[in-house]
Amino acid sequence: MWIDLFQSSSKPILLLFILGAVRLSNAASVDDPAPMLRGWIDEVLSIAYSGHGNENLPARVRPSLEKTFAFDLVTRQAMGPGWRQFSASEQKRVTDLFTELMIRTYSSRVVGTQRPKITYGATVDVSPDRREIPTRVTTTTSTEPIAVVYRLIKLPAGWRVYDVLIEGVSFVANYRAQFDGIIQNGGAAAVIRTLETKLAAPAGSHS
């Protein structure tokens with residue numbers, strides 16, 4: 001079963017202690033991607049609610065999303081084990097198409113009548129290079145806050161989102177369930193055709 005995840009944030013006494021606290025604070029800020037995630041989300045929402053509506057929104061939010069998400073990693077995970085069957089050129093084509101689909105689908109859903117309110121929970125250390133940040137999203141159309149958990153990985157370029165859980169459902173697992181059968185029946189060519197078809201559909205119908 002799958003769902004469309006897009007449809008449906010002491011007072012030290014001595015100078016030595018002060019300097020030590022500053023060092024610890026700086027180290028924590030490097031290991032905790034929460035401030036960066038908040039900044040990224042605020043940036044995207046500011047663009048989305050700048051008064052221009054959906055006009056060229058995918059292109060406008062793309063730079064922000066590209067520095068937020070590890071689209072290449074998300075694509076590999078969404079394709080699952082079948083990814084290894086793709087040639088280098090097929091992998092690049094699938095990554096480009098799937099990235100475009102994610103950006104366009106997100107863009108078609110992000111603008112509502114009012115900017116959503118996001119509450120951020122405490123960062124959870126999963127491993128030395130992985131974190132989870134729980135958030136609660138309140139919109140004008142939701143009677144209850146929506147639970148959204150961001151999974152981040154520390155790459156050479158910095159922290160990047162590699163998966164999102166919406167009400168406990170993994171974005172990556174959701175799409176992998178859809179693509180497993182497509183890959184088994186038609187390989188990379190079938191995946192490419194499927195993605196091209198989705199992108200050719202009217203905006204707002206992507207899933």
Side-chain angles (χ1 to χ4, degrees), residues 1-8 33 37 40 44 54 57-59 61-110 124 126-135 137 146-207:
M1 176 181 179
W2 62 272
I3 62 173
D4 184 349
L5 296 178
F6 287 112
Q7 296 186 52
S8 327
L37 181 66
W40 291 330
V44 170
N54 284 321
L57 186 57
V61 301
R62 185 175 190 124
S64 298
L65 294 180
E66 285 180 334
K67 66 185 181 183
T68 307
F69 286 83
F71 283 123
D72 54 346
L73 178 57
V74 175
T75 303
R76 291 199 304 271
Q77 293 183 125
M79 296 301 123
W83 177 257
R84 295 191 292 271
Q85 303 171 16
F86 300 179
S87 67
S89 60
E90 290 170 336
Q91 289 178 348
K92 183 179 186 307
R93 180 60 175 161
V94 170
T95 299
D96 290 345
L97 290 171
F98 192 59
T99 297
E100 186 70 20
L101 178 67
M102 286 187 283
I103 292 174
R104 287 179 59 177
T105 305
Y106 175 84
S107 299
S108 70
R109 302 298 177 188
V110 71
V124 178
V126 179
S127 70
D129 65 344
R130 293 176 189 257
R131 302 287 186 272
E132 289 188 357
I133 300 177
T135 69
V137 181
I146 302 169
V148 180
V149 177
Y150 292 89
R151 288 177 170 172
L152 298 97
I153 183 171
K154 193 172 187 180
L155 301 174
W159 289 101
R160 295 292 185 273
V161 175
Y162 70 91
D163 196 8
V164 180
L165 279 68
I166 301 178
E167 294 295 341
V169 180
S170 162
F171 169 85
V172 166
N174 181 64
Y175 269 95
R176 182 180 295 180
Q178 297 182 55
F179 283 113
D180 275 347
I182 296 173
I183 293 173
Q184 291 175 13
N185 294 325
V191 172
I192 291 172
R193 286 195 301 272
T194 299
L195 290 171
E196 288 176 339
T197 299
K198 287 180 179 290
L199 288 169
S205 63
H206 308 130
S207 61

**Message:** Does Phe98 form a side chain to side chain contact (heavy atoms under 4.5 Å, CB included) with Val191? I'd like the steps, not just the answer.
**Reply:** CA-CA 10 Å; Phe98 192 59; Val191 172; over 6 Å; no
**Request:** Would you please test Trp83 and Ile183 for side chain to side chain contact (heavy atoms under 4.5 Å, CB included) and show each step?
**Result:** CA-CA 9 Å; Trp83 177 257; Ile183 293 173; over 6 Å; no
**Message:** The test is side chain to side chain contact (heavy atoms under 4.5 Å, CB included); show your working for Phe69 and Thr99 and say whether it passes.
**Reply:** CA-CA 10 Å; Phe69 286 83; Thr99 297; over 6 Å; no
**Worked check of side chain to side chain contact (heavy atoms under 4.5 Å, CB included) between Tyr150 and Trp40** = CA-CA 12 Å; Tyr150 292 89; Trp40 291 330; over 6 Å; no
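When all heavy atoms are compared, the tightest approach of Pro58 to Ile103 is O-CG2, 3.7 Å. For the pair Pro33 and Leu152, the tightest heavy-atom approach, listed with the atom from each and the gap, is CB-CD2, 4.0 Å. Between Phe171 and Met102, the closest heavy-atom pair is CZ-SD, 3.5 Å. Among all heavy-atom pairs drawn from Trp159 and Asp129, the shortest one is CZ3-O, 3.4 Å. Minimum heavy-atom separation, Thr95 to Asp72: CG2-CA, 4.1 Å. Between Phe86 and Ala188 the shortest heavy-atom distance is CD2-CB, 3.4 Å.
Counting only residues at least two apart or in different chains, salt bridge (charged side-chain N to carboxylate O under 4.0 Å, His left out) contacts with residues 170-188 are absent. Sorted by first and then second residue, the pairs that involve residues 84-97 and meet salt bridge (charged side-chain N to carboxylate O under 4.0 Å, His left out), not counting sequence neighbours, are Lys92-Asp96, Arg93-Glu196.
The line from CE of Met79 to CZ of Phe179 is 4.0 Å long, rounded to the nearest 0.5 Å. One distance of note links CD of Gln91 with CZ of Arg76; it measures 8.5 Å at 0.5 Å rounding. Rounding to the nearest 0.5 angstrom, the gap separating the OG1 atom in Thr75 from the CG atom in Leu101 is 9.5 Å. Taking CG from Leu165 and CD from Glu132, the interatomic distance works out to 7.0 Å, rounded to the nearest 0.5 Å. Taking NZ from Lys67 and CZ from Arg160, the interatomic distance works out to 9.0 Å, rounded to the nearest 0.5 Å. Atom OH of residue Tyr162 and atom CG of residue Leu73 lie 8.5 Å apart, to the nearest 0.5 angstrom.
Looking at Glu100, its side chain never comes within 3.5 Å of a backbone N or O of Leu199 through a donor-acceptor pair. Listed for the Thr135 side chain is a donor-acceptor partner under 3.5 Å among the backbone atoms of Val148. The closest donor-acceptor contact from the side chain of Asp163 to the backbone of Val172 lies under 3.5 Å.
Among residues two or more places apart in sequence or in another chain, the salt bridge (Lys or Arg N to Asp or Glu O under 4.0 Å) test is passed with Glu167 by none.
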